[in-house]
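Quick caveat: nothing in here was measured; it's all calculated off a predicted structure.
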Amino acid sequence: MDVESKQDNKSPGMAPPNYRSSKKKRARNCCFICLAVLLLLGLLFLILGLTVFKAKKPVMTVNDVSLGNLGVSFDIARLQVHLNVTLNAHLSVKNPNRVGFKYDSTSAILQYKGQVVGDAPVPSGKIGSGETRPMNISLTVMADRLLSDSSLYSDVMSGALPLTTYVKLSGVVHVLFKIQVKSSSTCDLFIDVLNRKLVNQTCHYKTKL
(Lines give C-alpha, C1' and ligand atoms only; values in the text may rest on other atoms or scores of the structure.)
Protein backbone atom coordinates (compact mmCIF):
# COMPACT_ATOMS: atom_id res chain seq x y z
CA MET A 1 0.00 0.00 0.00
CA ASP A 2 2.82 2.46 0.82
CA VAL A 3 4.57 1.79 -2.50
CA GLU A 4 1.38 2.26 -4.48
CA SER A 5 0.56 5.54 -2.72
CA LYS A 6 4.04 6.92 -3.48
CA GLN A 7 3.66 6.05 -7.16
CA ASP A 8 0.22 7.71 -7.28
CA ASN A 9 1.69 11.01 -6.01
CA LYS A 10 3.82 11.37 -9.22
CA SER A 11 2.00 13.18 -12.02
CA PRO A 12 2.40 11.20 -15.26
CA GLY A 13 2.68 14.35 -17.48
CA MET A 14 5.34 16.23 -15.46
CA ALA A 15 8.95 16.12 -16.72
CA PRO A 16 11.74 15.35 -14.28
CA PRO A 17 13.51 18.40 -12.77
CA ASN A 18 16.81 17.56 -14.45
CA TYR A 19 15.11 17.46 -17.88
CA ARG A 20 13.59 20.92 -17.41
CA SER A 21 16.95 22.31 -16.30
CA SER A 22 18.67 20.83 -19.35
CA LYS A 23 16.06 22.34 -21.69
CA LYS A 24 16.52 25.81 -20.19
CA LYS A 25 20.28 25.47 -20.50
CA ARG A 26 20.04 24.57 -24.19
CA ALA A 27 17.73 27.53 -24.88
CA ARG A 28 20.13 29.83 -23.06
CA ASN A 29 23.07 28.50 -25.07
CA CYS A 30 21.16 29.05 -28.34
CA CYS A 31 20.53 32.67 -27.37
CA PHE A 32 24.22 33.18 -26.58
CA ILE A 33 25.24 31.60 -29.91
CA CYS A 34 22.79 33.76 -31.90
CA LEU A 35 24.00 36.88 -30.12
CA ALA A 36 27.63 35.98 -30.79
CA VAL A 37 26.89 35.39 -34.49
CA LEU A 38 25.13 38.75 -34.77
CA LEU A 39 28.03 40.49 -33.06
CA LEU A 40 30.55 38.80 -35.38
CA LEU A 41 28.51 39.76 -38.46
CA GLY A 42 28.24 43.34 -37.24
CA LEU A 43 32.00 43.45 -36.61
CA LEU A 44 32.65 41.98 -40.06
CA PHE A 45 30.47 44.58 -41.78
CA LEU A 46 32.15 47.33 -39.77
CA ILE A 47 35.63 46.15 -40.79
CA LEU A 48 34.60 45.91 -44.44
CA GLY A 49 33.02 49.35 -44.29
CA LEU A 50 36.21 50.85 -42.87
CA THR A 51 38.58 49.03 -45.24
CA VAL A 52 37.49 47.41 -48.51
CA PHE A 53 34.20 49.31 -48.88
CA LYS A 54 35.31 52.56 -47.26
CA ALA A 55 33.79 55.54 -49.08
CA LYS A 56 36.31 57.44 -51.20
CA LYS A 57 36.09 60.81 -52.85
CA PRO A 58 35.38 60.94 -56.59
CA VAL A 59 38.26 62.43 -58.58
CA MET A 60 37.42 65.11 -61.14
CA THR A 61 40.05 66.09 -63.72
CA VAL A 62 39.91 68.79 -66.38
CA ASN A 63 41.68 67.19 -69.31
CA ASP A 64 41.39 70.11 -71.67
CA VAL A 65 39.63 73.43 -72.22
CA SER A 66 39.58 74.68 -75.80
CA LEU A 67 38.31 77.80 -77.48
CA GLY A 68 35.43 76.82 -79.74
CA ASN A 69 34.41 80.24 -80.98
CA LEU A 70 35.45 83.87 -80.48
CA GLY A 71 33.72 86.87 -81.98
CA VAL A 72 34.52 90.45 -80.94
CA SER A 73 33.06 93.73 -82.14
CA PHE A 74 33.56 97.20 -80.68
CA ASP A 75 31.17 100.08 -80.11
CA ILE A 76 33.68 102.91 -79.81
CA ALA A 77 31.08 105.59 -79.19
CA ARG A 78 29.69 103.79 -76.14
CA LEU A 79 32.97 102.14 -75.16
CA GLN A 80 31.31 98.74 -75.30
CA VAL A 81 32.34 95.33 -76.57
CA HIS A 82 30.02 92.78 -78.12
CA LEU A 83 31.51 89.42 -77.29
CA ASN A 84 30.70 85.94 -78.55
CA VAL A 85 32.75 83.23 -76.81
CA THR A 86 32.29 79.46 -76.63
CA LEU A 87 34.53 77.23 -74.51
CA ASN A 88 34.65 73.44 -74.75
CA ALA A 89 35.62 71.76 -71.49
CA HIS A 90 36.63 68.10 -71.50
CA LEU A 91 36.40 66.56 -68.02
CA SER A 92 36.69 63.11 -66.55
CA VAL A 93 35.30 61.88 -63.23
CA LYS A 94 36.72 58.73 -61.65
CA ASN A 95 34.82 56.73 -59.04
CA PRO A 96 37.42 54.90 -56.88
CA ASN A 97 34.76 53.20 -54.74
CA ARG A 98 33.80 49.51 -54.78
CA VAL A 99 30.20 50.59 -55.34
CA GLY A 100 28.52 52.99 -57.76
CA PHE A 101 28.50 56.76 -57.33
CA LYS A 102 25.15 58.38 -58.16
CA TYR A 103 25.27 62.14 -58.74
CA ASP A 104 22.55 64.76 -59.07
CA SER A 105 21.95 67.07 -62.02
CA THR A 106 23.91 70.30 -61.87
CA SER A 107 25.27 73.10 -64.07
CA ALA A 108 28.71 74.03 -65.30
CA ILE A 109 29.28 77.76 -64.81
CA LEU A 110 31.31 80.31 -66.75
CA GLN A 111 32.33 83.44 -64.81
CA TYR A 112 33.90 86.78 -65.63
CA LYS A 113 35.44 88.38 -62.54
CA GLY A 114 32.96 86.62 -60.24
CA GLN A 115 29.92 87.36 -62.41
CA VAL A 116 28.10 84.39 -63.98
CA VAL A 117 28.06 85.00 -67.74
CA GLY A 118 27.18 81.51 -68.99
CA ASP A 119 26.14 78.05 -67.90
CA ALA A 120 25.47 74.59 -69.29
CA PRO A 121 23.37 71.76 -67.78
CA VAL A 122 25.01 68.57 -66.55
CA PRO A 123 22.36 65.81 -66.28
CA SER A 124 22.27 63.38 -63.37
CA GLY A 125 23.86 59.97 -63.76
CA LYS A 126 25.72 57.09 -62.16
CA ILE A 127 29.38 56.09 -62.36
CA GLY A 128 30.11 52.42 -61.74
CA SER A 129 32.70 50.92 -59.42
CA GLY A 130 36.21 51.94 -60.53
CA GLU A 131 34.80 53.58 -63.67
CA THR A 132 36.04 56.84 -65.21
CA ARG A 133 33.30 58.85 -66.92
CA PRO A 134 34.21 61.47 -69.58
CA MET A 135 32.15 64.66 -69.71
CA ASN A 136 32.22 67.14 -72.57
CA ILE A 137 30.67 70.51 -71.74
CA SER A 138 30.15 73.50 -74.03
CA LEU A 139 29.94 76.91 -72.33
CA THR A 140 28.80 80.02 -74.21
CA VAL A 141 29.06 83.56 -72.92
CA MET A 142 25.69 85.31 -72.67
CA ALA A 143 26.66 88.63 -74.20
CA ASP A 144 23.82 90.61 -72.61
CA ARG A 145 25.23 89.90 -69.15
CA LEU A 146 28.43 91.73 -70.02
CA LEU A 147 27.07 94.91 -71.61
CA SER A 148 26.96 96.80 -68.33
CA ASP A 149 30.46 95.74 -67.24
CA SER A 150 32.81 98.67 -67.76
CA SER A 151 35.98 96.63 -67.20
CA LEU A 152 35.27 94.32 -70.17
CA TYR A 153 36.20 96.98 -72.72
CA SER A 154 39.60 97.63 -71.16
CA ASP A 155 40.31 93.89 -70.77
CA VAL A 156 39.55 93.16 -74.41
CA MET A 157 41.53 96.20 -75.58
CA SER A 158 44.52 94.97 -73.56
CA GLY A 159 44.25 91.64 -75.39
CA ALA A 160 43.69 89.38 -72.34
CA LEU A 161 40.18 88.32 -71.26
CA PRO A 162 40.01 86.49 -67.89
CA LEU A 163 37.37 83.78 -67.47
CA THR A 164 36.68 81.06 -64.90
CA THR A 165 34.94 77.72 -65.36
CA TYR A 166 33.35 75.97 -62.38
CA VAL A 167 31.78 72.50 -62.15
CA LYS A 168 30.51 70.78 -59.00
CA LEU A 169 29.13 67.25 -58.66
CA SER A 170 27.18 66.16 -55.59
CA GLY A 171 25.90 62.65 -54.99
CA VAL A 172 25.82 59.59 -52.77
CA VAL A 173 27.74 56.36 -52.34
CA HIS A 174 25.87 53.42 -50.77
CA VAL A 175 28.30 51.72 -48.37
CA LEU A 176 26.16 50.04 -45.66
CA PHE A 177 24.38 53.41 -45.60
CA LYS A 178 24.24 56.54 -47.76
CA ILE A 179 27.33 58.75 -47.71
CA GLN A 180 27.26 62.19 -49.31
CA VAL A 181 30.25 63.00 -51.54
CA LYS A 182 31.12 66.14 -53.51
CA SER A 183 33.74 66.97 -56.11
CA SER A 184 34.40 70.26 -57.88
CA SER A 185 36.85 71.87 -60.28
CA THR A 186 37.68 75.50 -60.91
CA CYS A 187 39.77 76.61 -63.87
CA ASP A 188 41.11 80.16 -64.24
CA LEU A 189 42.16 81.02 -67.78
CA PHE A 190 42.89 83.91 -70.08
CA ILE A 191 41.83 84.32 -73.69
CA ASP A 192 44.42 85.89 -75.93
CA VAL A 193 42.01 88.00 -77.96
CA LEU A 194 44.48 88.96 -80.70
CA ASN A 195 45.73 85.42 -81.33
CA ARG A 196 42.38 83.77 -80.53
CA LYS A 197 43.68 81.14 -78.12
CA LEU A 198 43.68 80.22 -74.44
CA VAL A 199 46.70 81.01 -72.30
CA ASN A 200 47.69 80.60 -68.64
CA GLN A 201 45.14 77.94 -67.70
CA THR A 202 45.22 76.93 -64.01
CA CYS A 203 42.81 74.40 -62.48
CA HIS A 204 42.02 73.70 -58.83
CA TYR A 205 40.21 70.64 -57.47
CA LYS A 206 38.25 70.04 -54.29
CA THR A 207 36.60 66.93 -52.94
CA LYS A 208 34.54 66.41 -49.79
CA LEU A 209 32.87 63.53 -47.94
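Both Leu161 and Leu189 are part of a single hydrophobic cluster, where members link through side-chain heavy atoms under 4.5 Å apart. Linking Ile, Leu, Val, Met, Phe, Trp and Tyr residues whenever their side-chain heavy atoms come within less than 4.5 Å leaves Ile109 and Tyr103 in two separate clusters. Tyr205 and Ile137 fall within a single hydrophobic cluster, where Ile, Leu, Val, Met, Phe, Trp and Tyr are joined by side-chain heavy atoms under 4.5 Å apart, directly or via other members. Under a hydrophobic-cluster definition in which Ile, Leu, Val, Met, Phe, Trp and Tyr are linked whenever side-chain heavy atoms come within less than 4.5 Å, directly or via other members, Val193 and Leu67 are assigned to the same cluster. A chain of hydrophobic side-chain contacts below 4.5 Å, direct or via other Ile, Leu, Val, Met, Phe, Trp or Tyr residues, connects Ile191 to Val72.
Listed for the Ser129 side chain is a donor-acceptor partner under 3.5 Å among the backbone atoms of Asn97. Using modelled atom types, one side-chain atom of Arg196 and one backbone atom of Leu70 make a donor-acceptor pair closer than 3.5 Å. Here the side chain of Asn95 pairs no donor or acceptor atom with the backbone of Glu131 at under 3.5 angstrom. Within the 3.5 Å criterion, the main-chain N or O of Leu194 finds a donor-acceptor partner in the side chain of Asp192.
The closest side-chain heavy-atom distance from Asn69 to Asn84 is below 4.5 Å. Val122 is not listed as a side-chain neighbour of Ser105, based on a closest heavy-atom distance of 4.5 Å or more. Using a 4.5 Å heavy-atom cutoff, the side chains of Val65 and Leu198 are in contact. When side chains are defined from C-beta on, Val93 counts as touching Met60, because their heavy atoms get closer than 4.5 Å. Using a 4.5 Å heavy-atom threshold, the side chains of Leu87 and Leu110 count as touching. Contact check for Ile179 versus Val172: no side-chain heavy atoms found under the 4.5 Å cut-off. Counting only heavy atoms from C-beta outward, the side chains of Thr86 and Leu139 never approach each other to under 4.5 Å. Annotation: side chain of Val181 is not in contact with side chain of Thr207 (no heavy-atom distance under 4.5 Å).
Looking at residues two or more places apart in sequence or on another chain, you find a side-chain contact (heavy atoms from CB on, under 4.5 Å) between Asn136 and His90. Looking at residues two or more places apart in sequence or on another chain, you find no side-chain hydrogen bond (donor to acceptor under 3.5 Å, both in side chains) involving Thr106.
A donor-acceptor contact closer than 3.5 angstrom links the side chains of Thr164 and Asp188.
In plain terms, the two heavy atoms of Ser151 and Tyr112 that are nearest each other are OG-OH, 3.2 Å. Taking both residues in full, the closest heavy atoms of Lys113 and Pro162 are given as CE-CG, 4.1 Å, listed atom of the first, atom of the second, then distance.
Applying the 6.0 Å contact sphere to NZ of Lys126 captures no more than 12 heavy atoms from other residues, nucleotides or ligands.
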